[in-house]
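Encoded as structure tokens, the structure appears first; notes follow it.
Worth saying up front: this structure is predicted, and the values here are computed from it rather than measured. Counting starts at 1 for both ligands and their atoms, following the listed order.
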Amino acid sequence: MRTAYLVGGNKAASQFESSREGALMPSNSETVVIIGGAVIGSFVAFFLRKQGFKGHIKVIERDSTYQYSSTALSAASIRTQFGCPFNIGMSLFGADMFRNIKDWFGDDANIDFEERGYLILGSEASSDTLQKQAREQMEHGAVIDILSPDQAKQRFPWLNVEDLGIATYGAANEGWFDAWALLQLVRREARRLGAEYISDEVVGVDVNGGAVTGVRLGNSGTTLACDWCVNAAGAWGGKIAGLAGIELPVEPRKRTIFHIKAPLPGEGFPMLFDNSGAWIRPEGDGFIAGIAPEECRDPNAEGDFEPDHYLLEETLWPLLAHRVPALEQLRVQRAWAGHYEVNLLDHNGVVGAHPEVPNFIHATGFSGHGVMHSPATGRAVAELITQGGFRSLDLSPLGFERILANRPIVEAVVY
Ligand SMILES: Cc1cc2nc3c(=O)[nH]c(=O)nc-3n(C[C@H](O)[C@H](O)[C@H](O)COP(=O)(O)OP(=O)(O)OC[C@H]3O[C@@H](n4cnc5c(N)ncnc54)[C@H](O)[C@@H]3O)c2cc1C
């Protein structure tokens, strides 16, 4: 049931809706300012127009090369194997769009969507939990094969299954794609539909009488008046909220990706998630791989984009070689690092406004799954603005209220 989170069955959402009951489509003279013009900001702009918003849309992006944006540096993969049903729903919408990208963005649209599963491995001890999770995921529309170690070995003969108890494989709606191409498409379409991209840096957010009234730009020195403001600044989202005096526990955490070559065919190779936390998937004529650093080596990474080379030698390589013996012979081609926009409360996105500044909508904190969830997030934020509440998928669990109440909704399946 992929619509389990539709508005109507959820009290919180109904309450939110009734607080803006009778909300009219904003008038043609209203202005939405979006801070951050990468994949999430661009999807907000795109869906605002798709949903009939006729006012002004101004997207402020300080770096038109996007070289440090998480979007450009990500592993660009999509999975439905999540613990929280709303994350599954968001992925299903994303996968559907990626599969039918030409219907959304025209005949020349291509994001090289490779629909292939995540293969998630578990030990004997975690077998029951993973099996239960997979069944719950299926109840929410995911298509998952639950495999015994022998079945996994049969399907993926290069896999060492000695110490495994279970494997789950996403048989549909999972895979990887070209995130850069996706960004270019949605940005192009948002502009064609009349969104204006402004190359500048937001250095201030003016709040008067419980509403954002304008954003200050550092380069031009001007203030842009607005009726709505959207925080789509990714790993800088906590800082942007801070400009309005709002505390949002979103911080940049560095993640390194290694591009490697190995004597192993990429054909049929899944997005492999080992129970150690190491991951690897095919990319071009090689593979990309990574692992999160230990918590004690994972500080706020503001400004630090230097790849952590030690991770490969010390941690990642031995784990990969244990799981896939052919990887003993890997050769590193290059490495790069980007920032996860980590929501320190619960590793889930924040989609909504602080109740005391209701026209400032945050769409950040996705903690490593923001590209796959960007279409659903853009659609959801546009619904908040144009219709006063979530309409397609109820994302009210991701609202600001849980941050204020310090009530995490923990995502059990985190990578
Ligand atoms: C190594 C790595 C691997 C990842 N793998 C995956 C994956 O496989 N699947 C997945 O779904 N997600 C993945 N992610 C996460 C994903 O990349 C992010 O969740 C997503 O890109 C967030 O998009 P965004 O538009 O919010 O942020 P960004 O892409 O970071 O864009 C934010 C933009 O805001 C701009 N900005 C910031 N501050 C200001 C300001 N003051 N004024 C103007 N502009 C400003 C920045 O220049 C930037 O362009 C990964 C991330 C990393 C780092």
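Comparing Gly234, Ala301, Gly94 against atom 26 (O) of ligand 1, the shortest heavy-atom distance belongs to Gly234. Closest heavy-atom approach to atom 29 (O) of ligand 1 among the candidates Ile60, Thr71, Asn219: Thr71.
At a heavy-atom cutoff of 4.0 Å, ligand 1 is contacted by the backbone of Asp200 but not by its side chain. If you look at Trp176 next to ligand 1, there are no close heavy atoms at all, none under 4.0 Å. By the criterion of a heavy-atom distance under 4.0 Å, neither the backbone nor the side chain of Ser374 is placed next to ligand 1. Heavy atoms of Ala76 found under 4.0 angstrom from ligand 1 belong exclusively to the backbone.
Residue contacts with ligand 1 do not include Leu183, since none of its heavy atoms lies under 4.0 Å from the ligand. At least one heavy atom of Ile257 sits under 4.0 Å from some atom of ligand 1.
Side chains of Asp163 and His322: a donor-acceptor N/O pair is present below 3.5 angstrom, by distance only. A donor and an acceptor atom, one from each side chain of Gln151 and Arg155, are nowhere located under 3.5 Å apart. A donor-acceptor pair shorter than 3.5 Å can be found between the side chains of Thr168 and Gln81.
In summary, the aromatic rings of Phe360 and Phe400 are positioned with their centroids too far apart to meet the 6.0 Å limit. Between His373 and Phe93, the distance separating the two ring centers is not shorter than 6.0 angstrom.
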Carefully, step by step, assess Thr222 and Ser220 under the rule side-chain hydrogen bond (donor to acceptor under 3.5 Å, both in side chains). CA-CA 5 Å; Thr222 53; Ser220 63; 2.7 Å; yes

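Interatomic distance, Tyr169 OH to Leu119 CG, rounded to the nearest 0.5 Å: 8.0 Å. Here the CD1 atom belonging to Ile257 is positioned 4.5 Å from the CH2 atom belonging to Trp279, to the nearest 0.5 angstrom.
Annotation: cation-pi pair Arg187/Tyr66 absent, no NZ/CZ under 6.0 Å from the ring centroid and within 45° of its normal.
Between Trp158 and Phe269, the two ring planes are parallel [angle under 30°; tilted spans 30° to 60°]. Tyr68 and Phe305 have tilted rings, their planes meeting at an angle from 30° to 60° on a 0 to 90° scale. The aromatic rings of Phe43 and Phe47 sit parallel to each other, their planes meeting at less than 30°, with 60° as the upper class boundary.
Nearest heavy-atom pair across Ile280 and Ile260 is CD1-CD1, 3.8 Å.
Nearest protein heavy-atom neighbour of atom 34 (O) of ligand 1: Gly36 CA, 3.3 Å. At the shortest separation from atom 48 (C) of ligand 1 among protein heavy atoms lies Glu61 OE1, 3.5 Å. The nearest protein atom to atom 18 (C) of ligand 1, hydrogens excluded, is given as Glu341 OE2, 3.3 Å; this is a heavy-atom distance. Atom 31 (O) of ligand 1 has Ala38 CB, 3.1 Å as its closest protein atom, hydrogens excluded (heavy atom only). Summary of contacts: the protein heavy atom closest to atom 12 (N) of ligand 1 is Gly368 O, 3.1 Å. In terms of protein heavy atoms, atom 11 (O) of ligand 1 is closest to Met372 N, 2.7 Å. When hydrogens are left out, the protein atom nearest atom 50 (C) of ligand 1 is Ser74 CB, 3.4 Å; that is the closest non-hydrogen contact. The nearest heavy-atom contact from the protein to atom 44 (N) of ligand 1 is Arg62 N, 3.3 Å.
Among the atoms of Tyr68, none of the N or O lies under 3.5 angstrom from an N or O of ligand 1. Of the N or O atoms in Ala363, none lie within a sub-3.5 Å distance of an N or O in ligand 1. At least one N or O atom of Ser70 sits closer than 3.5 Å to an N or O atom of ligand 1. For a threshold of 3.5 Å applied to N or O pairs, the pair formed by Ala75 and ligand 1 contains at least one separation below that value. Considering backbone and side-chain N/O of Gly37, none are found under 3.5 Å from N/O of ligand 1. Checked against a 3.5 angstrom limit, the closest N/O atoms of Val202 and ligand 1 fall inside it. In terms of polar-atom proximity, Ile40 is counted as a contact of ligand 1, with an N or O under 3.5 Å from an N or O of the ligand. The distance criterion of under 3.5 Å between nitrogen or oxygen atoms is not met by Ile35 with respect to ligand 1.
The residues Asp200 and Arg216 are annotated as not salt-bridged, no charged nitrogen and carboxylate oxygen being separated by less than 4.0 angstrom. Taking a cutoff of 4.0 Å between a charged side-chain nitrogen and a carboxylate oxygen, Glu136 and Lys132 qualify as a salt bridge.
Shown in contact with Tyr340 at under 4.0 Å from a heavy atom are these atoms of ligand 1, numbered in order with element: 2 (C), 3 (C), 4 (C), 50 (C), 51 (C), 52 (C), 53 (C).
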